[in-house]
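Read the structure below first, then the notes.
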Amino acid sequence: MATYPITKRGAEMLKAELHKLKTVERPSVIQAIAEARAQGDLSENADYDAAKERQGFIEGRIQEVEGKLSAAQVIDPSAIQADGRVVFGATVELEDEDSGQQVKYQIVGEDEADLKQGLINISSPIARALIGKEVGDTAVVQAPGGERAYEVVAVHYI
C-alpha cells in the first residue's frame with residue numbers, strides 16, 4: 001500500500017474528524033433511523049430514507065478517513081533538516097518577479113490544503129515547481145494566466 005505525506009497538524013485534524021464521526025455523527029444517525037422506524041410504514045417514509053442515506057455517507061467517510069490515516073506518513077516540519085531546501089512541510093516566502101508581491105505558503109498534504117490559509121497541496125503546480133529550490137532560486141510556474149516566476153525569499157521549517 002502506498003503511503004502519502006501529511007503534516008502532524010493534518011493527521012490531528014483527520015483524527016479529530018474520525019472521532020467526531022464515530023462518537024457524534026454515527027449515534028445521531030442511528031437514533032434518527034430508530035425514530036423513523038417507529039413512525040410505521042417504511043416504504044413511504046422520507047425521514048427513514050434520508051437517515052439511511054446519511055448513515056451510508058457517514059460510514060463511507062469513516063472508512064475513507066481510517067484508510068487515509070493507515071496509509072499516512074506523518075511528517076513534523078519542525079524536525080526536518082533540509083539545509084534550506086524547499087521540501088514537504090516547509091513554509092516558503094516567495095516574491096513574484098513581475099509584480100514584487102510577496103506571498104507565503106506551506107507545502108502540505110492533499111487533505112489539509114487551503115489556499116486562503118496559505119496551505120498548498122504537494123501535488124499543485126506551484127508546490128512541484130518549488131520542491132528542491134533554495135533561497136535565491138527562481139521557480140517558474142505554469143499558471144492559468146500564463147507563466148509566473150517566483151523568487152524564493154525564505155524557507156522555514158515550523
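Just so it is clear, the structure is predicted and the values come from calculations on it, not from any experiment.
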Salt bridge Arg26-Glu59, side-chain N to carboxylate O under 4.0 Å: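 A salt bridge links Arg26 with Glu59.
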Between the side chains of Arg9 and Glu12, is the shortest nitrogen-to-carboxylate-oxygen separation below 4.0 Å, so that they form an ion pair? no
Shortest non-hydrogen contact between [X] and [Y], atoms and distance:
X	Y	answer
Ala127	Asn121	CB-O, 3.2 Å
Ala129	Ala139	O-CB, 3.8 Å
Ala36	Asn45	O-ND2, 2.8 Å
Ala71	Ala2	CB-O, 3.6 Å
Thr138	Ala149	CG2-CB, 4.0 Å

Flag the pair [X] / [Y] as yes when at least one side-chain heavy-atom distance between them is below 4.5 Å, and no otherwise.
X	Y	answer
Lys68	Tyr4	yes
Glu17	Leu14	yes
Asp111	Val65	no
Phe88	Thr7	yes
Leu94	Leu130	yes
Ile33	Tyr48	yes
Thr91	Pro77	no
Val92	Val152	yes

Using a 6.0 Å cut-off, check whether atom CD of Glu53 has over 12 heavy atoms from anything other than its own residue. no
Any side-chain donor paired with an acceptor under 3.5 Å for [X] and [Y]?
X	Y	answer
His156	Gln106	no
Gln101	Glu95	no
Glu35	Gln39	no

Report the distance from atom [atom1] of [X] to atom [atom2] of [Y], rounding to the nearest 0.5 Å.
X	Y	atom1	atom2	result
Asp137	Glu151	CG	CD	9.0 Å
Leu18	Thr23	CG	OG1	9.0 Å
Ile107	Ile122	CD1	CD1	5.5 Å
Phe57	Leu21	CZ	CG	7.5 Å
Ile120	Lys104	CD1	NZ	13.5 Å
Ile62	His19	CD1	NE2	12.0 Å

For Lys8, salt bridge (Lys or Arg N to Asp or Glu O under 4.0 Å) partners two or more places apart: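 Lys8: no salt bridge (Lys or Arg N to Asp or Glu O under 4.0 Å) contacts found.
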Decide whether [X] and [Y] are clustered together by the hydrophobic rule: side chain heavy atoms of Ile, Leu, Val, Met, Phe, Trp, Tyr closer than 4.5 Å, transitively.
X	Y	answer
Val153	Val141	no
Val140	Ile126	no
Val87	Leu119	no
Ile75	Met13	no

Can a donor-acceptor pair be found, under 3.5 Å and without considering hydrogens, that links the side chain of [X] to the backbone of [Y]?
X	Y	value
Asp96	Arg148	no
Tyr105	Leu115	no
Arg85	Gly132	no

Just do the side chain to side chain contact (heavy atoms under 4.5 Å, CB included) check on Gln142 and Arg128 with the steps written out, would you? CA-CA 11 Å; Gln142 286 294 344; Arg128 286 184 285 157; over 6 Å; no
